[in-house]
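Beneath this line is the structure, given in structure tokens, with notes to follow.
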Amino acid sequence: MSIPARDQERADALRELLHHHAHQYYVLDAPEIPDAEYDKLFRELQALEEKYPALLTPGSPTQRVGGKTLEGFAKVRHKVPMLSIRTETDIEATGARNFDGRVRRELGLKEGDPPIEYVAELKFDGLAISLRYEQGVLVQAATRGDGEIGEDVTQNIRTVGQVPLRLRGAPPVLEVRGEVYMRRDDFERLNEQQREKIARGAKNEKTFVNPRNAAAGAVRQLDPAIARQRPLSFYAYGWGEIEGGPAFETHHEVLQALKGWSFPVSERTVLAQGAEELVAYHQAVGRERDGLPFDIDGVVYKVNSLALQKKLGFVTREPRWAVAHKFPAQEQMTTVESIDVYVGRTGKLTPVARLQPVFVGGVTVTNATLHNEDEVHRKDVRVGDTVIVRRAGDVIPEVVAVVPARRAPGAKAFVMPATCPVCGSAAVREEGEADHRCTGGLFCSAQRKHAILHFAQRRALDIEGLGEKLVDQMVDAGVIRTLPDLYRLGLANLVALDRMGDKSAQNVLAALEKSKATTLPRFLYGLGIRHVGESTARDLARHFGKLDGVMDAGVEQLLQVPDVGPIVAESVHAFFQQPHNREVIEQLRACGVHWEEEGEPAVQAPKPLSGKTVVLTGTLPTLSRDEAKELLEAAGAKVAGSVSKKTDYVVAGAEAGSKLDKARELGVAVLDEDGLRQLLAG
Ligand code: IVH
């Protein structure tokens with residue numbers, strides 16, 4: 001078959017690209033594109049070569065298992081080659097069913113024949129390692145390299161706590177294969193340290209893109225002293241040469257034996273009968289994935305019987321008895337269309353990358369926060385850049401890295417604006433702070449909008465129907481400038497707004513009217529004083545009893561309030577020192593906003609749960625979390641977020657988690673909803 005020039009050229013280009021990226025990934029530990037992108041290119045080339053076998057060259061990236069070796073490490077020839085496995089990326093069921101179908105066909109099984117037994121394992125996202133033991137002693141650790149020849153990284157691997165250095169009862173020659181990886185918490189800590197080093201001016205230090213990269217960097221670190229400081233973990237999932245020792249019949253038996261010889265084998269390795277149990281495993285692991293302490297990029301299915309494995313054999317360098325079934329990628333590449341600066345309620349300016357929409361981690365992502373100026377510079381994100389975006393679980397999407405090779409010439413570094421992009425007031429970054437703030441205060445319409453929304457929210461004045469769109473419109477139209485303006489709105493103002501009918505306008509007015517009857521804690525919280533959250537507002541109200549008391553308190557007096565420290569005290573004091581804030585309060589009261597003031601604090605009757613600290617966890621049968629909290633606080637209790645020795649009670653509902661465990665550990669009294677009601681009743 002003659003090969004069209006177009007396909008010939010594409011195959012050449014793909015080979016070039018794949019060689020380049022394989023080098024970046026395997027040799028330099030500095031990938032420029034996410035795995036999913038590499039896989040896509042790889043499969044495209046594979047498909048072309050399958051279509052036109054004449055295209056296939058011995059040097060094609062599809063014919064190699066891994067990468068070349070790095071200068072500096074001794075070479076190790078693997079007695080038993082370290083193979084690669086075929087990858088299925090089909091979502092859900094088809095990956096497992098395709099694999100099972102192929103295995104059954106190869107073995108000549110018919111419909112109605114019993115299911116094949118498989119071992120299903122996690123596909124750890126680290127790097128493959130072969131550990132050689134002679135007479136029970138670790139004599140060599142090698143990377144996979146190109147599958148035939150790897151690198152001798154014994155020194156570095158010896159520092160991994162989970163790799164046994166000595167075995168008891170193991171065969172005289174034993175090669176164990178598994179994955180060296182880095183836990184997510186260890187990765188975060190390592191990157192934190194790296195950032196500190198860089199901040200202190202260390203040259204040649206970098207942060208790592210992901211745990212796999214960090215693990216690869218540590219294993220192939222030429223200085224074992226540095227490798228030692230990098231926290232690595234290990235899981236065994238296979239073996240190479242074994243001499244002497246028991247005869248094994250199944251993969252699962254070997255894993256059990258490895259466990260007995262003190263190798264870590266994942267608890268999530270299971271036996272599965274037939275395709276449907278593999279499908280169920282894939283789904284179950286997919287749900288658990290984000291909660292695992294380490295990254296995985298899929299699951300692996302292996303035929304359990306070693307006799308059947310032998311019968312199935314290999315195609316090129318991939319066994320027919322195993323397959324990797326990947327999960328949808330959590331990292332994708334896209335481009336930065338612009339970097340906008342968002343203004344928050346307290347005036348905080350947040351740079352946000354507007355992205356070419358990209359489907360990653362199950363959703364279409366169009367924005368990613370860049371947090372602050374330092375973060376943008378650390379990652380050096382520029383408009384027009386190609387970036388790797390990651391979204392895992394419910395965590396907000398983030399830009400993990402820029403692909404420097406794809407930067408357009410002349411791309412300009414990001415500069416934090418010196419003025420607020422909304423109101424033009426000066427933007428300042430105070431010493432020791434990471435954030436820039438707009439100094440416009442309520443002059444800034446962005447801050448004003450946020451302030452109004454904050455005031456109107458359910459936990460504050462609870463003005464139903466006053467949402468973001470409406471507030472935007474009212475502020476932009478100039479109908480509202482300050483909080484009291486809300487209560488001066490007339491029907492005419494409202495119906496003049498876009499898409500506001502008579503009925504909706506009446507509803508808004510009714511909600512405003514209703515909101516006037518409030519409580520002091522809600523009012524204080526609704527003012528949006530910096531550092532004053534709901535619970536501080538309650539503490540202030542309880543301590544002073546009356547608004548005037550809070551307004552006139554000096555810093556010293558404020559510090560008397562339980563749980564109020566210098567930062568909060570300063571902030572409250574400064575807020576009420578501002579004449580325009582006092583003016584706003586006066587006007588709100590004049591408009592009819594009112595609450596019941598408690599008497600003088602001294603004459604307050606002691607409440608049944610005064611001084612008690614309670615923690616809520618799980619779902620209660622009838623009370624919502626907010627309701628339970630309100631009842632407890634009305635009875636004088638303090639509701640805390642975490643369990644400690646100072647906790648008096650933990651109220652636990654369905655699906656209570658670690659807080660309940662902690663309570664039991666510390667011997668804190670645990671109540672259910674009935675118990676809570678009894679407690680409240682005294
Ligand atoms: S078995 C012949 N099992 O995935 C089969 N590999 O190409 C050899 N990996 O980089 C591999 N978890 O390091 C196997 N449970 C697991 C695995 C696993 C991760 C990695 C392996 C290699 C790639 C397979």
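Atom set for the values below is all heavy atoms of this structure, side chains included, hydrogens, waters and symmetry mates excluded. Start at 1 and go down the list; that is how both ligands and their atoms are numbered.
Every side chain to side chain contact (heavy atoms under 4.5 Å, CB included) that Leu107 has, sequence neighbours left out, goes to Val103, Leu109, Ile116, Leu308, Lys311, Leu312. Judged as a side-chain hydrogen bond (donor to acceptor under 3.5 Å, both in side chains), and not counting sequence neighbours, the contacts of Arg378 are Glu375.
Residues Tyr301 and Tyr118 place their aromatic rings such that the two centres sit no closer than 6.0 Å.
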Under 3.5 Å, which donor-acceptor pairs link side chains of residues 124-134 to any protein atom two or more places apart or in another chain?
| residue | atom | partner | partner atom | Å |
| --- | --- | --- | --- | --- |
| Ser130 | OG | Arg177 | NE | 3.1 |
| Arg132 | NE | Glu134 | OE2 | 2.8 |
| Arg132 | NH1 | Glu175 | OE2 | 2.8 |
| Arg132 | NH1 | Glu241 | OE1 | 2.8 |
| Arg132 | NH2 | Glu134 | OE2 | 3.4 |
| Tyr133 | OH | Pro164 | O | 2.5 |

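Electrostatic pairing of Arg390 and Asp295 counts as a salt bridge here, judged by a charged N lying under 4.0 Å from a carboxylate O.
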Could you pull out every N or O of ligand 1 that sits under 3.5 Å from a protein N or O, with the distance for each pair?
| residue | atom | partner | partner atom | Å |
| --- | --- | --- | --- | --- |
| ligand 1 | 3 (N) | Lys302 | NZ | 3.0 |
| ligand 1 | 4 (O) | Lys123 | NZ | 3.2 |
| ligand 1 | 7 (O) | Ile85 | N | 3.2 |
| ligand 1 | 12 (N) | Phe124 | N | 3.1 |
| ligand 1 | 13 (O) | Glu179 | OE1 | 2.3 |
| ligand 1 | 13 (O) | Tyr237 | OH | 2.8 |
| ligand 1 | 15 (N) | Glu121 | OE1 | 2.7 |
| ligand 1 | 15 (N) | Leu122 | O | 3.0 |

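We find the CD1-CD distance between Ile388 and Gln330 to be 14.0 Å, quoted to the nearest 0.5 Å.
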